[in-house]
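So that the names make sense, note that chain A is the first sequence line, chain B the second, and so on, each numbered from 1.
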Amino acid sequence: QQPVQSPQAVILREGEDAVINCSSSKALYSVHWYRQKHGEAPVFLMILLKGGEQKGHEKISASFNEKKQQSSLYLTASQLSYSGTYFCGTDITGAGSYQLTFGKGTKLSVIP
Amino acid sequence: DTEVTQTPKHLVMGMTNKKSLKCEQHMGHRAMYWYKQKAKKPPELMFVYSYEKLSINESVPSRFSPECPNSSLLNLHLHALQPEDSALYLCASSQGFPRGGANQPQHFGDGTRLSIL
């Protein structure tokens, strides 16, 4: 089942902060975050695993609330390079699964 | 530049043509994926190969035929496609199970933009 992302779009000025949310109706084993710029490949940002482990970039932070089946991506002191569409991908099937279902995306635009 | 290389970057084909999309990675990953992405939509999983064996087929029509000749290569053979198959086709790779699975990052190629006339 497809996770729900919010907001659908957000416009920021450089230096402002943003939070992107991802929620699921099913129990989550992991949550992935990717950013895709127009005409480019999705780029990995972060993985949050059941049990608290995180893998990803130092400058990006995220949280994973297993009980609420939610994850949030925190973008602080935004830069122009942060612009793009952010997708969360969720694994609801568990160990050994390769199956990610992506949310519809959040379009982030950072303006000077 | 991405570490997953896809060719061609663009492909235009008629509904009766046969063509193939190619994907290559040299990161030692043992899981490889095909995704389909329509404009302004998220990637949709089509196929997963794990250790060169088809692991997931997301009920994809038989006009799409995947092939994994070795651990570095992934092909998608196309035949008798429909106009609605026009999309960006993304290849990705990740470490294979037991170290991998959905708890490892996926590395995407730049995709092949496919147009069906």
Exercise. For the residue pair B/Phe108 and A/Phe44, is the inter-centroid distance of their aromatic rings smaller than 6.0 Å?
Worked result: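 No.
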Just how far is it from atom [atom1] of [X] to atom [atom2] of [Y], taken to the nearest 0.5 Å?
X	Y	atom1	atom2	result
A/Gln36	B/Leu88	CD	CG	7.0 Å
A/Phe87	B/Lys41	CZ	NZ	10.5 Å
B/Ile56	A/Thr93	CD1	OG1	7.0 Å

For this session: Check for a donor-acceptor pair, side chain of A/Tyr98 on one end and backbone N or O of B/Ser94 on the other, with a separation under 3.5 Å.
Result: no
Let me check something: do [X] and [Y] share a hydrophobic cluster, defined by ILVMFWY side-chain heavy atoms less than 4.5 Å apart, either directly or through other members?
X	Y	value
A/Val43	A/Trp33	no
A/Val19	A/Val10	no
B/Met32	A/Tyr34	no

For this session: Find the one option among A/Gly103, A/Gly39, A/Gly105 whose heavy-atom pairs under 4.5 Å with chain B are most numerous.
Result: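 Maximum pair count with chain B is reached by A/Gly103.
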Give a yes or no on whether [X] atom [atom1] has more than 12 heavy-atom contacts from other residues, nucleotides or ligands under 6.0 Å away.
X	atom1	value
B/Lys18	NZ	no
B/Gln82	CD	yes
A/Ile11	CD1	no
B/Met15	CE	no
B/Glu84	CD	yes

How close do [X] and [Y] get, counting heavy atoms only, and between which atoms?
X	Y	value
B/Pro105	A/Ile47	N-CD1, 3.3 Å
B/Leu45	A/Leu100	CB-O, 4.4 Å
B/Pro42	A/Gln2	CG-NE2, 3.7 Å

For this session: Name the region of B/Glu58, side chain, backbone, both or neither, that has any atom closer than 4.5 Å to a heavy atom of chain A.
Result: side chain
Exercise. Where on B/Glu44 is there a heavy atom nearer than 4.5 Å to chain A: the side chain, the backbone, both, or neither?
Worked result: neither
Exercise. Is any side-chain heavy atom of A/Gln99 closer than 4.5 Å to a side-chain heavy atom of B/Val48?
Worked result: no
